[in-house]
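Reminder, nothing fancy here: chain letters follow the sequence lines and each chain counts from 1.
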There are 2 protein chains.
Amino acid sequence: MTVSRVVNGGANVRETTRVAVLAAIEKLNYSPNSAARSLAAGEATQIGLLYSNPSAAYLSQFLIGALAAARKAGCHLVLESCEGERADEQAEATRQFVSTSVEGVILPPPLSEAAPVRAELEAAGIPWVSVAMGLPPARSLNVRIDDFAAASAMTQHLLDLGHRKIGFIRGNPNQTSSAERYRGFVAACENAGLDIKSMAVEQGYFTFRSGIVATERLLDRDDPPTAIFASNDDMAAAAVGVAHRRGLHVPQDLSIVGFDDTSLATTIWPELTTVRQPIAAMAESALNLLLARLRERRGAGGGKLEEQVLDHEMILRESSGPPPGAAPAPGKTAAKAAKRR
Amino acid sequence: MTVSRVVNGGANVRETTRVAVLAAIEKLNYSPNSAARSLAAGEATQIGLLYSNPSAAYLSQFLIGALAAARKAGCHLVLESCEGERADEQAEATRQFVSTSVEGVILPPPLSEAAPVRAELEAAGIPWVSVAMGLPPARSLNVRIDDFAAASAMTQHLLDLGHRKIGFIRGNPNQTSSAERYRGFVAACENAGLDIKSMAVEQGYFTFRSGIVATERLLDRDDPPTAIFASNDDMAAAAVGVAHRRGLHVPQDLSIVGFDDTSLATTIWPELTTVRQPIAAMAESALNLLLARLRERRGAGGGKLEEQVLDHEMILRESSGPPPGAAPAPGKTAAKAAKRR
DNA sequence: CCGTGGTGTGTTAGCGGTAACGGTGGCCCG
DNA sequence: CGGGCCACCGTTACCGCTAACACACCACGG
């Protein structure tokens, strides 16, 4: 029992015994049996994770983070895919969870905003945590980054390089993060005294395909932009492809930046300047938030942490540079500041 | 107890009681508590999964499969990444597992062939299962597809389309699957009465970058190939990129096919004709094989299944077509047979 | 008629932890 | 100086399941 108290950081253990126990643990190479623990404690053992077809890179990072947290907590992750866009498909996939008695559900994007899913969970009384929503509703469990600030910083980066005409490719309109990123872009432009009307904005849907179409439109304009800021890496990669097909060099003729820092960003050439989301950490946070809520529900009370905003990071790589005909050597020299990877 | 027997398919239960129990289970919406189960059965609870930087798409699929199997078996997956190529880094990462007392380890490629890892596990007496080796050593636990047959079939597809000069980009030479795929390519060519010397072969390393270099070399030849068979999708995607930069249309001017069917294959444009590996199923098989081995070790005896070869599948998409100047309408018409996705 | 050997089912004793409660001492207070 | 309170640690009784065994029952052969 005392060992249990030490391991779980329980109160009322003398310092001397505590170190003695820890020493013994070390010597015996003891590690607690998670099965026994969760059996005895009657804790949540099944946590659902409903995923839709996000980028594979996103999903793998997310799973890594969620798995690490799940193992620490001794609970199992139950995966369920929900590829469908239709409300009934989403509801059906969610019901799957309800029937297999998962005790809480994690919703990575884009499902974090899927109304049918949330309605179904609400009805079943199963708590959930949304991940990476741009603008989560109040009093909901959620983990995210500051999309507004991130998009704003990225725009500032392009402005600092000397770009004045920037093309922006928006994300899927039914995800609030799209709107937040756009808001960040607009704010940075206006902050620099530029009229948003002088910028080129096209609608995209976070897919590679939509990125192709949007980029074609941007480059077909009479006064094409010297830089393109796509709302995610897939669309940025598409933009690079289109640029190449048109014989434009990136970044000499056209700068292209993305968002998310998925593996696609470093797979293509040139590697993308982008914003990194700490995906694995977000997944861990999400699971912990959910477990805390479940504990609280079970009567333990405890802190009422509901929202967690993690830090993003600007990742400067080779796809962004000064606009053509800019001051110094027109090419690879400038803006090699910050973190290059 | 009788319930336990029914649930676990135990022997010596009368048929009438069996259905009665099942009915009760259904009515009560009962589901066994996996924590209690693994506690009582004293089964393996921690299975390691040592991954290196495979394509993110591969990893996510793999994790999905492994997780599903792990949950069914009631065991936890312990992830550990091992990005390093150096022997000591790999040994170190492996020792991490030994110290945290995982009971078995799953090795997806390319770590399935990493000698330091295997040596370390051997020394610690921890069983492991290799996934997707091309030519696994005898008496080792492994799950794979028939790389030889798959590569051979893909080559045949190109030959059937009319290609006579095919460029082949080999995979990383320290993975046996590279050699097997190459062997399959050679066999199909020779089988068609073509001299392998008339084909163009370049060395690649399964990376996008290496694919660019290899493709440049192939296309710089005096007599460039009309089709390129890359040993994985990343290199095929690179080939598509190079082709586009050179103003070549895929597949009208150049057919390009890959291997693996990772998400990259459908992300880029045109979508890649490739060979699908049932990644999730392979992960499931791997875990089950490992658990069977552990049970057997624990004295239960049982079947001695050691190797499992799963089916691959040819996926025909838009990146392959007849060579330029071929018989019918030079382009999209031919070879729309088989499964198009 | 009684062993003997199945076949089906119930009993017992854990698996390795933790909640809840029961003891100890020591300290302070009345 | 006795009682109350607290800090500290040990006991007990489970958590939900399964291995191992005990038991009833039947068929069969000698």
Could you check which of C:dG16, D:dT18, D:dC17 has an atom nearest any side-chain atom of B:N33? D:dC17

Below the 4.0 Å mark, does D:dC9 have OP1 or OP2 next to a side-chain nitrogen or oxygen of A:T17? yes

Short side-chain N/O contact to C:dG8 OP1/OP2 from B:N12, under 4.0 Å: yes

Could you state the atom-to-atom distance from CD1 of B:I25 to C1' of D:dC17 in whole Å? 13 Å

Between A:F97 and the options A:V105, A:I47, A:V117, the side-chain contact (heavy atoms from CB on, under 4.5 Å) test singles out A:V105

Less than 4.5 Å apart, side chain to side chain, heavy atoms only: is that true for A:P127 and A:L294? yes

Around atom CD of A:E89, are there more than 12 heavy atoms of other residues, nucleotides or ligands at under 6.0 Å? yes

Given that A:A41 and B:M1 both sit by DNA chain C, which one's nearest nucleotide is further toward the 5' end? B:M1

Check the surroundings of atom CD in A:E83: do more than 12 heavy atoms from other residues, nucleotides or ligands lie under 6.0 Å from it? yes

B:T2 vs C:dG10: side-chain N/O to OP1/OP2 distance below 4.0 Å: yes

Report which part of the nucleic acid B:V3 touches: base, sugar-phosphate, or nothing (heavy-atom distance under 4.0 Å, all strands). nothing

For B:R14 and for B:L39, find the nucleotide of DNA chain C with the closest heavy atom, then tell me which residue's nucleotide is more 5'. B:R14

Are B:S4 and D:dT18 close enough that a side-chain N or O sits under 4.0 Å from OP1 or OP2? yes

Report the distance from atom CG of B:L28 to atom P of D:dG16, rounded to the nearest whole Å. 14 Å

Are B:N8 and D:dT18 close enough that a side-chain N or O sits under 4.0 Å from OP1 or OP2? yes

Less than 4.0 angstrom between a side-chain N/O of B:R5 and OP1 or OP2 of C:dG8, yes or no? no

